[in-house]
Number of protein chains: 2
Amino acid sequence: MPQVSDTSQSPRKGAITRQAILDAAVRLASVEGLETISIGRLAEVLQMSKSGVFAHFGSKQDLQLAALDAALHRFVSEAMQPALHQAAGLPRLWGLCDQYLSYLERRVFPGGCFLLATWAEFDSRPGPLRDAAAAAMHTWNDAIERAVISAQEVGHLDTMGDPAQLAFELNALLQAANSAFLLSNDRREFDRARVGIRDRLTRLATAQAPHRPAASSPGDT
Amino acid sequence: MPQVSDTSQSPRKGAITRQAILDAAVRLASVEGLETISIGRLAEVLQMSKSGVFAHFGSKQDLQLAALDAALHRFVSEAMQPALHQAAGLPRLWGLCDQYLSYLERRVFPGGCFLLATWAEFDSRPGPLRDAAAAAMHTWNDAIERAVISAQEVGHLDTMGDPAQLAFELNALLQAANSAFLLSNDRREFDRARVGIRDRLTRLATAQAPHRPAASSPGDT
DNA sequence: CCTACCGATCGGTAGG
DNA sequence: CCTACCGATCGGTAGG
């Protein structure tokens, strides 16, 4: 009766398999969309039976929700977490934008930003998936807006500017980088986003702002 | 043998049916995506047999391409055409942006901007549909960029600015209005886009620019 | 986690 | 534009 076993197998094999399924689901969904993935194709990729895959989730929708959740966690750690540890104010705000662009450049997901893709897929289809995609979008939007407000509070940004307006414009440049890069495959799109962001931030920066957001200069390529 | 008939029926019944199919396809696809529409569901909506729908197109892909083409024509006439008739320079450039926002506000398509939705759906799936969606995106991007260059040529905009950079930023604000409005259902998102666009244009406007792009002021709601 | 199976729906064809 | 039909695949279930 192996209760601890030999640690080589068994610890929580189910959880490992479940994670493997979610990894494959996220990879597939990034390219084809969360709705288009099918349990049968996942089973094929994973060399499992259909019902073997199915057994880990109560329904296709639960699988989709779990995959979105897994992608969101990956998004947070790849596109947000490092920047959130920076000093409040312009460093953190610029860090968030730059970290997001780096997440796009590193192609963390093969199909571009997973959150934007999923939001575009479900933005007009009411239901749990739309709700979850909206919540994921809010996770990001709130982080940006909080960083803007905090930059005003520490005195780096002029309080005359409307935080919602600045957050909207920063977000606009970031999501444009995603779709434009997928369209042109031209890395200068990232430079354009950085130029636009730097312009907005320097224009609103106060005298107390730390040597302004210099960042990696895009050069004149 | 009715050769001219009584004009009530018959002229080109096939073409009429085909158009009805495309209208339904565009409406469905705007909400659910071009890939998700099925010939069977279209037949149901149109009270036709599946093969009756199918007969007008050689394949599902051809139906999708035809629907995208129909949506593009509608996009051009609703979001571009009126603005393109305005005077070259800032009037036309501002007109294009404002017309696009109006197209979103009027909810020409129930699921937001059809071009952006379709591009997001196929941006990572190589094939004829991705190519057609990219071409549709270029139709719009080129119009904006040409309007920017033309505004420089007539002396309304400072030639120091990079046209590609300005076009990128205007486009960013426009597509952000689309996704943000679908997310929040808050019309202030359109105001934010207009404020950002006006800011960009006034900042680059020369002395010869016609009384600057005033536009409908968003008020302080 | 498997085999075996269900009804429904898919895109597409035959033949008229 | 129809009826009738095809093989393939879908999400999901039974039973182990």
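Chain letters run A, B, ... following the sequence lines, proteins first and then strands; every chain starts at 1.
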Atom CG of B:L34 to atom P of C:dG11: distance rounded to whole Å? 13 Å
Both distances below 3.5 Å, Watson-Crick or wobble geometry, any strand: find the nucleotide opposite C:dC10. D:dG7
Who is the Watson-Crick or G-U wobble partner of C:dG15, with both distances under 3.5 Å? D:dC2
Determine yes or no for a side-chain-to-main-chain donor-acceptor pair under 3.5 angstrom, with A:S49 supplying the side chain and A:G52 the backbone. yes
Would you kindly give the CD-to-C1' distance between A:Q47 and C:dC2, to the nearest whole Å? 15 Å
At under 4.0 Å between heavy atoms, what does B:S38 touch on the DNA or RNA strands: base, sugar-phosphate, or nothing? sugar-phosphate
Near B:H138 NE2, under 6.0 Å, is it more than 12 heavy atoms from other residues, nucleotides or ligands? yes
Taking any heavy-atom pair under 4.0 Å as a contact, classify A:L46: base, sugar-phosphate, or nothing. nothing
Do the numbers put B:R74 on top of the ring of B:F109, so that NZ or CZ is under 6.0 Å from the six-membered ring centre and no more than 45° off the axis? yes
Figure out the CD/C1' separation between A:Q64 and D:dC10, and round it to whole Å. 13 Å
Integer-rounded Å distance: D:dA8 P and A:R41 CZ: 17 Å
In whole angstroms, the gap separating C1' of C:dC2 from CE of A:M48 amounts to 10 Å
Over 60° means perpendicular and under 30° means parallel, so tell me whether B:F190 and B:F181 are parallel, tilted or perpendicular. tilted
Checking all strands, does A:I37 fall into the base, sugar-phosphate, or nothing category for heavy-atom contacts under 4.0 angstrom? sugar-phosphate
Can you check side chain to side chain contact (heavy atoms under 4.5 Å, CB included) on B:E105 and B:E189, steps first, answer last? CA-CA 10 Å; B:E105 287 184 278; B:E189 310 285 9; over 6 Å; no
Just do the side-chain hydrogen bond (donor to acceptor under 3.5 Å, both in side chains) check on A:N171 and A:Q175 with the steps written out, would you? CA-CA 6 Å; A:N171 246 327; A:Q175 78 183 73; over 6 Å; no
So which protein nitrogen or oxygen atoms get under 3.5 Å of nucleotides 12-16 of chain C's nitrogens or oxygens?
{"unit_1": "C:dG12", "atom_1": "OP2", "unit_2": "B:K60", "atom_2": "N", "d": "2.6"}

